[in-house]
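Report on the structure given below.
The figures that follow rest on heavy atoms only: side chains count, while hydrogens, waters and symmetry mates do not.
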Amino acid sequence: MITRSAPGVHTCNQQTASDSWQMQLANCVTQPEKLLELLGLSPSLLPAAVNASKTFAMRIPRSYIARMEYGNPNDPLLKQVLPLEQELQEVAGFGIDPLGEQDKNPTEGVIHKYHGRLLLITSGACAVNCRFCFRRHFPYQDNQLSGRHLEEALNYIKNNRSIREVILSGGDPLAASDRRLRQLAEALADIPHVKVLRIHTRLPIVLPDRVTDDMLSWLGSTRLKTVIVLHCNHANEINGNVKTAIARLKQADITVLNQTVLLKGVNDTVVALVELSEALFDAGAMPYYLHLLDKVQGAAHFDVSRESAQDLVRGMMERCSGYLVPRLVQEIAGKTSKTIIPLN
Ligand code: SF4
């Protein structure tokens with residue numbers, strides 16, 4: 001548990017009304033030196049952090065840093081975002097497009113892998129750069145969903161009557177402005193065969209002030225059934241502000257689920273996973289998927305073996321109610337759905 005938070009960083013309760021989510025995004029910590037200073041960590045970590053952040057930039061909201069334990073280099077939130085030398089090692093089996101998404105890209109900004117649903121790369125930006133991100137090498141510059149490309153994407157959906165559900169992804173789709181998201185939701189609602197809007201986002205976890213009245217207004221006014229799939233990996237990520245954000249989503253009649261990535265050194269114990277499920281449920285989000293790491297270049301040091309993952313989920317089943325145990329899954333390039341990993 002967090003015992004001391006970083007001095008000099010706003011805790012969530014200290015955040016003022018003037019700290020809009022856009023301002024908080026603009027004030028993210030991007031210099032490894034600053035991060036180490038805020039957390040009172042050894043400068044010996046600096047050269048590796050600077051090196052690794054040259055290939056995938058460091059980016060962390062201050063309110064997220066405030067949830068880390070001061071002086072602890074093994075803090076489970078810090079480990080998700082601190083660039084390390086290991087990221088620069090090439091490891092066999094870890095590539096730049098682990099899910100084969102770039103072959104399933106029918107038009108710019110669209111990934112169509114599975115029957116009945118399709119993914120729109122709504123924003124290339126994120127509030128936080130997670131070091132294990134499977135899209136850390138994704139060519140966002142070739143997937144800008146605006147102007148002519150947005151029109152092409154909407155036409156693609158109109159012409160594919162099997163598409164029932166549209167998933168906004170990224171980057172983080174909620175990094176886009178509410179004005180843009182409202183327009184997109186309205187355009188999708190105008191396509192009769194689209195019934196469900198799903199949003200995959202880490203923003204309500206890492207920067208909960210993103211759940212604004214404006215956002216709830218466009219979400220609440222669409223005819224589409226709306227599902228938000230959060231991405232939370234550790235119970236320490238869930239503080240009072242996150243609970244408030246989730247409660248507001250639920251009040252707006254949005255289904256709120258969570259997916260977690262199993263990460264070595266972050267959440268690879270039964271205790272950590274049970275605490276996470278309990279904290280999510282207390283906050284109003286259902287634990288949904290526990291993902292094996294996607295084998296992306298730069299993230300091999302987070303990998304947990306399939307056998308260990310199975311043991312962990314079996315351990316969870318002995319410790320908590322079935323509805324708190326997420327489904328253990330893996331995405332395998334070329335498959336027509338996620339692969340559920342059996343436990344026996
Ligand atoms: S928020 Fe999601 S898309 Fe962005 S870096 Fe983290 S895991 Fe990747």
Side-chain angles (χ1 to χ4, degrees), residues 1-3 64 67-69 72-82 84 86 91 93-94 98-99 128 130-134 200-202 204-206 227-240 242-243 246 255-296 298-332 335 337-344:
M1 291 299 295
I2 295 174
T3 50
Y64 190 73
R67 289 170 247 172
M68 298 174 189
E69 186 183 1
N72 180 4
N74 294 314
D75 181 275
L77 276 54
L78 175 70
K79 289 187 104 168
Q80 297 180 55
V81 295
L82 176 67
L84 296 179
Q86 286 120 298
V91 177
F94 286 75
L99 305 186
V128 65
C130 312
R131 307 316 297 177
F132 51 85
C133 179
F134 72 91
H200 281 196
T201 178
R202 191 145 159 71
I205 300 297
V206 299
V227 182
I228 288 194
V229 182
L230 300 170
H231 175 178
C232 180
N233 295 322
H234 197 278
N236 288 3
E237 293 181 330
I238 302 174
N239 64 4
V242 172
K243 287 183 193 166
I246 295 174
T255 302
V256 183
L257 307 172
N258 183 70
Q259 56 182 347
T260 294
V261 182
L262 186 58
L263 299 166
K264 188 187 274 183
V266 173
N267 57 15
D268 60 332
T269 65
V270 174
V271 170
L273 291 171
V274 169
E275 281 180 1
L276 173 59
S277 276
E278 289 175 350
L280 285 165
F281 186 72
D282 284 351
M286 286 308 291
Y288 172 49
Y289 277 148
L290 178 63
H291 282 264
L292 286 190
L293 183 79
D294 297 315
K295 294 190 182 296
V296 66
H301 54 292
F302 286 113
D303 197 27
V304 176
S305 72
R306 180 183 163 114
E307 293 71 28
S308 302
Q310 288 168 313
D311 282 346
L312 289 168
V313 177
R314 277 193 289 263
M316 286 187 85
M317 291 172 78
E318 287 169 13
R319 296 277 297 269
C320 55
S321 305
Y323 58 85
L324 292 181
V325 181
R327 274 180 279 182
L328 180 62
V329 294
Q330 181 174 23
E331 269 205 60
I332 299 175
K335 293 258 183 188
S337 67
K338 286 191 204 305
T339 301
I340 309 257
I341 299 179
L343 294 182
N344 49 15

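When atom types are taken as modelled, the side chain of Asp268 and the backbone of Gly265 share a donor-acceptor pair closer than 3.5 angstrom. A donor-acceptor pair is defined here as one N or O able to donate and one able to accept, closer than 3.5 Å; no such pair exists between the side chain of Arg131 and the backbone of Gly298. Checking side-chain atoms of Thr339 against main-chain N and O of Glu331 turns up no donor-acceptor pair under 3.5 Å. Panel note: side chain Asn233, backbone Val261; a donor-acceptor pair is recorded below 3.5 Å.
Between Pro287 and Thr260 there is no side-chain heavy-atom pair separated by less than 4.5 Å. At least one side-chain heavy atom of Val81 sits less than 4.5 Å from a side-chain heavy atom of Met68.
Here Asp294 contributes atom CG and Ile332 contributes atom CD1; the two are 10.0 Å apart, rounded to the nearest 0.5 Å. Note: Thr269 OG1 to Met316 CE = 10.0 Å, rounded to the nearest 0.5 Å.
For His291, the ring-ring contact (aromatic ring centres under 6.0 Å, His included) test picks out Tyr289, with sequence neighbours left out. By the ring-ring contact (aromatic ring centres under 6.0 Å, His included) test, Phe302 pairs with Phe132, sequence neighbours left out.
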Donor-acceptor contacts under 3.5 Å from residues 304-312 side chains, at least two apart:
residue: Ser305; atom: OG; partner: Ser308; partner atom: N; Å: 3.1
residue: Ser305; atom: OG; partner: Ser308; partner atom: OG; Å: 2.9
residue: Gln310; atom: NE2; partner: Pro342; partner atom: O; Å: 2.8
residue: Asp311; atom: OD1; partner: Arg314; partner atom: NH2; Å: 2.7

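A salt bridge links Arg202 with Glu237; the closest basic N to acidic carboxylate O contact falls under 4.0 Å.
The neighbour count for Lys338 NZ, taken as heavy atoms of other residues, nucleotides or ligands under 6.0 Å away, is above 12.
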